[in-house]
Undergrad: 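The following block contains the structure, expressed as structure tokens.
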Amino acid sequence: MATITEKDTIKTITTHYIDGAFVESHGREVMDTIKPTNGKVIARVTLGDEDDTRRAIAAAKRAFTGFSRTTKEERLRYLRRLHEAVSARIDDLTAVMVEEYGGVARFARLIVESGVTAFAAAEKGLQELPLRQSWGKTTVTLEPVGVAGLITAWNANALFICLKLASAVAAGCTVVIKPSEMSSLQTRVMVEALNAAGLPNGVCNVVTGLGTTVGAELVRNPDVAKISFTGSVAVGETIMRDGAATMKRVTLELGGKSPTIVLDDAALDKAIPSALILAFLNSGQACAAGTRLLVPKSRLDEVKQTIQDGMRAFAVGDPADPSVAVGPMVSQKQYERVESYIRKGIEEGAEVLVGGEGRPKGLEAGYFVKPTVFVNVKNDMTIAQEEIFGPVLSVIAYDSDDEAIRIANDSKYGLHSAVMGTDLERARRVASQLRAGRVVINNMTDDPQAPWGGFKYSGVGREYGKYGIEAFLEPKAILE
Ligand code: NAD
């Protein structure tokens with residue numbers, strides 16, 4: 001069993017979860033987990049290797065025989081048990097997300113709660129999804145696709161695990177989860193919860209390790225039928241390419257450079273605070289973050305003033321402090337990445353309205369950056385085209401609705417977007433012309449039955465509700 005006790009100053013994790021048991025890692029490589037608020041080692045994690053992965057795949061393959069034949073009612077029961085077991089650990093999951101990832105407490109809880117909601121949403125989605133339909137002498141059934149590899153990113157590890165697992169279980173698939181290697185403490189709490197849910201052995205296996213070992217084995221192994229991945233475009237491309245050799249089905253949830261369009265009839269005192277919340281979601285380390293703010297040129301001065309006032313609400317600091325809105329970046333690498341983009345923005349001629357380079361005063365120890373807003377940004381600048389994955393917002397001015405739509409769509413990404421305005425019909429007209437998997441009007445909102453996923457480089461396929469379940473199913477027709 002993993003040894004994590006409150007007395008340990010440095011926690012150690014040496015096990016994976018395979019076939020319903022915590023088993024010692026075959027892989028021997030050890031990775032330090034660093035606390036992002038102070039750069040100190042808080043855990044040592046033994047990473048799994050190809051052997052651990054193959055053991056987990058074999059367990060999932062054995063379990064698939066029985067689990068793929070479960071009835072809808074049985075799967076609904078498992079989803080309810082998962083919901084209950086993970087709900088019981090919301091406080092623990094939130095606390096460990098704050099500690100290990102540096103997620104701000106108020107947002108970390110929302111992320112964990114959305115993970116819990118995913119089980120309830122899958123339950124509803126499954127109830128509404130006809131798994132068998134007949135007409136004439138034809139019968140069509142939706143069959144589980146097989147063993148699925150679920151690979152997650154570090155910025156909302158608990159949510160991604162729940163979301164993917166919920167859809168897979170609803171579909172009757174068995175899984176091997178490869179969580180982000182940067183989320184091992186969070187994963188450990190999650191695995192305890194999943195273990196408590198009491199799924200049949202082998203239905204859910206978890207191997208912690210690197211993408212290039214555990215992840216790559218999942219992608220190339222012929223016994224894995226499907227990969228559901230959340231992460232970067234670069235790794236998404238690798239998965240699609242390498243998975244082709246075994247004809248993997250793939251769901252890829254990738255990056256974004258999401259636009260928020262403020263129409264010229266918007267009430268700025270409401271629209272700008274909402275736009276700032278969207279931009280600095282999860283300390284800017286969010287795929288959906290609205291990092292391009294498109295504003296009418298005619299109201300630019302007013303916009304700038306409202307942003308400066310609004311940014312007072314975005315205190316940066318200790319993520320455990322409930323008044324803090326922006327925590328540290330997850331790692332030194334991520335800190336350097338964000339800083340390099342801030343430098344690039346300045347070099348390319350954008351003007352810093354708020355923030356800028358360097359650590360905020362008094363926060364020199366951790367991976368903190370200054371929440372930064374650039375104005376005078378042109379959409380072809382690097383900071384407007386590339387995903388920074390940090391608290392950096394680019395304000396871009398436009399002349400007409402058509403120009404705003406053109407700029408919004410002038411991106412390789414198409415994950416999320418927002419439109420803010422008083423005339424709802426006009427806002428809807430603009431929303432209908434945006435090339436993105438999801439558009440919110442007048443505020444960040446969620447519906448766990450609505451599909452989530454990207455156009456263009458933001459990904460392939462959809463998650464959530466019945467759309468997420470369908471991604472783990474194969475239609476099969478029997479004709480008499
Ligand atoms: P990443 O691509 O570096 O890693 C994601 C996961 O893939 C990790 O578990 C990693 O170990 C694994 N991996 C790495 N190489 C692999 C390989 N060769 N084969 C298989 N697996 C491999 O991404 P990250 O830095 O963890 O996350 C940040 C990225 O995730 C951002 O681009 C962000 O936009 C994206 N993201 C997307 C969504 C969405 O829903 N669309 C949500 C959150 C994050």
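Since we're looking at a predicted model, the values are computed, not measured. Both counts, for ligands and for their atoms, begin at 1 and track the order of listing. We number each residue from 1, following the sequence as shown.
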Undergrad: For atom 40 (O) of ligand 1, which protein heavy atom lies nearest, and how many Å away is it?
TA: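 The closest heavy atom on the protein side is W452 NE1, 3.0 Å.
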Undergrad: Looking only at protein heavy atoms, identify the closest one to atom 7 (O) of ligand 1 and say how far it is in Å.
TA: F229 CE1, 3.1 Å
Undergrad: If you measure from each non-hydrogen atom of E387 to ligand 1, which part falls under 4.0 Å: side chain, backbone, both or neither?
TA: side chain
Undergrad: Does E217 use its side chain to pair, donor to acceptor, with the backbone of E50 at less than 3.5 Å?
TA: no
Undergrad: Do you see a protein non-hydrogen atom under 4.0 Å from atom 4 (O) of ligand 1?
TA: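 False for atom 4 (O) of ligand 1.
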Undergrad: Keeping the roles fixed (side chain from R62, backbone from G202), state whether a donor-acceptor pair exists under 3.5 Å.
TA: no
Undergrad: Please determine whether a side-chain nitrogen of the Lys or Arg among E253 and R462 lies less than 4.0 Å from a carboxylate oxygen of the Asp or Glu.
TA: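 Looking at R462 together with E253, the answer is no, because their closest N to O distance does not fall below 4.0 Å.
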Undergrad: I need the nearest protein heavy-atom contact for atom 39 (C) of ligand 1: residue, atom name and distance, please.
TA: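 For this ligand atom, the closest protein heavy atom is C287 SG, 3.2 Å.
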Undergrad: Using a heavy-atom cut-off of under 4.0 Å, does the side chain or the backbone of E181 touch ligand 1, or both, or neither?
TA: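 Side chain only; the backbone of E181 stays clear of ligand 1.
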Undergrad: Can you name the one residue among I10, I34, T33 that meets side chain to side chain contact (heavy atoms under 4.5 Å, CB included) with I42?
TA: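 Considering I10, I34, T33, a side chain to side chain contact (heavy atoms under 4.5 Å, CB included) with I42 is found only for T33.
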Undergrad: Any salt bridge linking R220 with D242? Criterion: basic side-chain nitrogen under 4.0 Å from a carboxylate oxygen.
TA: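 Salt bridge between R220 and D242, a charged N being under 4.0 Å from a carboxylate O: no.
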Undergrad: If you measure from each non-hydrogen atom of L254 to ligand 1, which part falls under 4.0 Å: side chain, backbone, both or neither?
TA: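 It is the backbone that gets close, since no side chain atom is under 4.0 Å.
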Undergrad: Can you list the atoms of ligand 1 that are under 4.0 Å from a heavy atom of G255?
TA: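 Answer for ligand 1: 34 (O).
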Undergrad: Considering only protein heavy atoms, which is closest to atom 14 (C) of ligand 1, and at what distance to one decimal place?
TA: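 For this ligand atom, the closest protein heavy atom is G211 CA, 3.6 Å.
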Undergrad: Under 4.0 Å, counting heavy atoms only: does A216 come that close to any atom of ligand 1?
TA: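 Checking ligand 1 against A216, which is what was asked, there is a heavy-atom contact under 4.0 Å.
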Undergrad: Within a distance under 4.0 Å of any heavy atom of A153, pick out the atoms of ligand 1 and give their elements.
TA: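 Per the distance check, 26 (O), 27 (O), 30 (O).
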Undergrad: Please answer whether the main-chain N or O of V175 pairs with a side-chain N or O of N205 as donor and acceptor at a distance below 3.5 Å.
TA: yes
Undergrad: Between the side chain of R438 and the main-chain N/O of A450, is any donor-acceptor distance below 3.5 Å?
TA: yes
Undergrad: Check side-chain hydrogen bond (donor to acceptor under 3.5 Å, both in side chains) between T152 and all other residues, then give those that pass, not counting sequence neighbours.
TA: N157
Undergrad: Distance-only check: which donor-acceptor pairs under 3.5 Å involve side-chain atoms of residues 110-117, not counting sequence neighbours?
TA:
| from | atom 1 | to | atom 2 | distance (Å) |
| --- | --- | --- | --- | --- |
| S114 | OG | L110 | O | 2.6 |
| S114 | OG | I111 | O | 3.4 |
| T117 | OG1 | E113 | O | 2.8 |

Undergrad: Any idea which atoms of ligand 1 are less than 4.0 Å away from a heavy-atom of G215?
TA: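 Contacts of ligand 1 toward G215, numbered from 1: 19 (N), 20 (C), 21 (N).
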Undergrad: Tell me whether the guanidinium CZ or amine NZ of R249 lies under 6.0 angstrom from the six-membered ring centre of F472 and within 45° of its axis.
TA: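 Verdict for F472: no cation-pi partner in R249.
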Undergrad: Taking 4.0 angstrom as the limit, do R343 and E348 come out as a salt bridge?
TA: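 Looking at R343 and E348, the cut-off is not met.
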Undergrad: Checking a contact table here: which protein heavy atom is nearest atom 25 (O) of ligand 1, and how many Å away?
TA: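 Checking every protein heavy atom, the shortest distance to atom 25 (O) of ligand 1 gives W154 NE1, 2.9 Å.
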Undergrad: Side chains of Y341 and E386: donor-acceptor distance under 3.5 Å anywhere?
TA: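 There is such a pair between these side chains.
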Undergrad: Could you see which bit of T230 sits under 4.0 Å from ligand 1, with heavy atoms only: side chain, backbone, both or neither?
TA: both
Undergrad: Please report which non-hydrogen protein atom sits nearest to atom 23 (O) of ligand 1, along with the residue it belongs to and the distance in Å to one decimal place.
TA: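 Its nearest protein heavy-atom neighbour is S232 N, 3.4 Å.
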Undergrad: Taking H16 for its side chain and F22 for its backbone only, find out whether a donor-acceptor pair lies under 3.5 Å.
TA: no
Undergrad: Which one holds for V233 and ligand 1: side chain close, backbone close, both close, or neither close, with close meaning a heavy atom under 4.0 Å?
TA: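 Neither; nothing of V233 gets under 4.0 Å from ligand 1.
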Undergrad: Is there at least one pair of N or O atoms, one from G231 and one from ligand 1, spaced under 3.5 Å apart?
TA: yes
Undergrad: What atoms of ligand 1 come closer than 4.0 angstrom to any heavy atom of S180?
TA: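 In order of numbering, the contacting atoms are 9 (O).
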Undergrad: Considering non-hydrogen atoms of the protein only, which is the closest contact for atom 9 (O) of ligand 1, and what is the distance?
TA: T152 O, 2.7 Å
Undergrad: For atom 28 (C) of ligand 1, what's the nearest protein heavy atom and its distance?
TA: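 The closest one turns out to be F389 CE2, 3.7 Å.
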Undergrad: N155 heavy atoms, cut-off 4.0 Å: which ligand 1 atoms fall inside?
TA: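 Per the distance check, 43 (C), 44 (C).
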